[in-house]
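All ligand and atom numbering here is 1-based and tracks the order in the structure. When reading the values below, keep in mind they use all heavy atoms of this one structure, side chains included, and skip hydrogens, waters and symmetry mates.
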Amino acid sequence: DIEVAIKVVIVGNGAVGKSSMIQRYCKGIFTKDYKKTIGVDFLERQIEFNDEDVRLMLWDTAGQEEFDAITKSYYRGAQAGVLVFSTVDRDSFEAIDKWRVKVEDEVGNIPLVLVQNKIDLVEQAVLEPEEAEALAKRMKLRFYRTSVKENLNVEDVFRYLTERYIER
Ligand code: GDP
Ligand code: MG
């Protein structure tokens, strides 16, 4: 029996890898030219945590982030959130504060985590590792570096949020 279901919102600028992360985590696949929308509001995955069955519902923005049109219904009832930026997109890094404000304006204080995706492209990084660490420290957020492409650390992100949610 499912005891806990958690709505997780994944936010960040366009092209940082949000849809890919959801696909990777819920379907176990990565595609290079993954479509903008997944056609549904969310994908889900069931995991075990402390002998409980937990259902994670990962909500995708379907590209609306690009014209600032994310609707209230996207955020409504969110119980955890992932703030994502890309190793190769400086703007996405600088937009993280704004994304946190948006989430918290809609749903208040929920467990959040900071993610630097596309770490496989570290050779082309547009920020220093210390900058990302300083951001996480200032925002008081747990920080993960992921590669959705190489399937690096993706599971850890959602396990951490699950733990934070359950032990809240
Ligand atoms: P979204 O707009 O945030 O949903 O980003 P997408 O999931 O659509 O990804 C944008 C592009 O980045 C796509 O071409 C993905 O294949 C690519 N991408 C996503 N994650 C990674 C990653 O970890 N490494 C690399 N190299 N490319 C990635
Ligand atoms: Mg997307």
task: Have a look at ligand 1 and work out which part of D60, if any, has a heavy atom under 4.0 Å from it: side chain, backbone, both or neither.
output: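 D60 to ligand 1: no contact under 4.0 Å from either part.
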- prompt: Which bit of D120 gets closer than 4.0 Å to ligand 1, counting heavy atoms only: side chain, backbone, both or neither?
  reply: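 Side chain only.
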query: Mind checking whether I47 and L56 have side chains closer than 4.5 Å, heavy atoms only?
result: yes
message: What I want to find out is whether E133 reaches R145 closely enough, with some N-O distance under 4.0 Å, to be called a salt bridge.
response: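 Answer for the salt bridge query: yes.
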query: Are D156 and R142 close enough for a salt bridge, meaning some N to O gap below 4.0 Å?
result: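 Salt bridge: no.
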Atoms of ligand 1 close to [X] [distance to a heavy atom under 4.0 angstrom, numbered from 1]:
X    : answer
L121 : 26 (N)
G14  : 2 (O)
S20  : 6 (P), 7 (O), 9 (O), 15 (C), 19 (C)

message: Using heavy-atom distances only, which candidate in K118, K149, R24 approaches atom 17 (C) of ligand 1 most closely?
response: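 Looking at heavy atoms only, K118 sits closest to atom 17 (C) of ligand 1.
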message: Considering G12, A15, S147 one by one, which has a heavy atom nearer to atom 10 (C) of ligand 1 than any of the others?
response: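 Of the listed residues, A15 has the closest heavy atom.
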query: Counting only N and O atoms by type, is there a donor-acceptor contact under 3.5 Å from the side chain of R45 to the main-chain atoms of Y25?
result: yes
query: Is the backbone of F30 close enough, under 3.5 Å, to the side chain of Q23 for a donor and an acceptor to pair up by distance?
result: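 The answer is no, because no donor-acceptor pair under 3.5 Å joins these two groups.
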Would you say [X] has any N or O atom under 3.5 Å from an N or O of ligand 1, going by distance alone?
X    : value
V148 : yes
M21  : no
I119 : no

query: After noting the C-alpha distance and the side-chain angles of N117 and T146, does the key distance pass the side-chain hydrogen bond (donor to acceptor under 3.5 Å, both in side chains) rule?
result: CA-CA 5 Å; N117 188 38; T146 65; 2.9 Å; yes
field: T31 near ligand 1 by a heavy-atom separation under 4.0 Å
entry: yes
- prompt: Would one find an N, O or S atom of S19, in either backbone or side chain, under 2.8 Å from the Mg ion (ligand 2)?
  reply: yes
task: For residues D89 and D91, report the shortest heavy-atom separation together with the two atoms involved.
output: OD1-N, 3.1 Å
field: Where R90 and V126 come nearest, the two heavy atoms and their spacing
entry: NH1-O, 3.1 Å
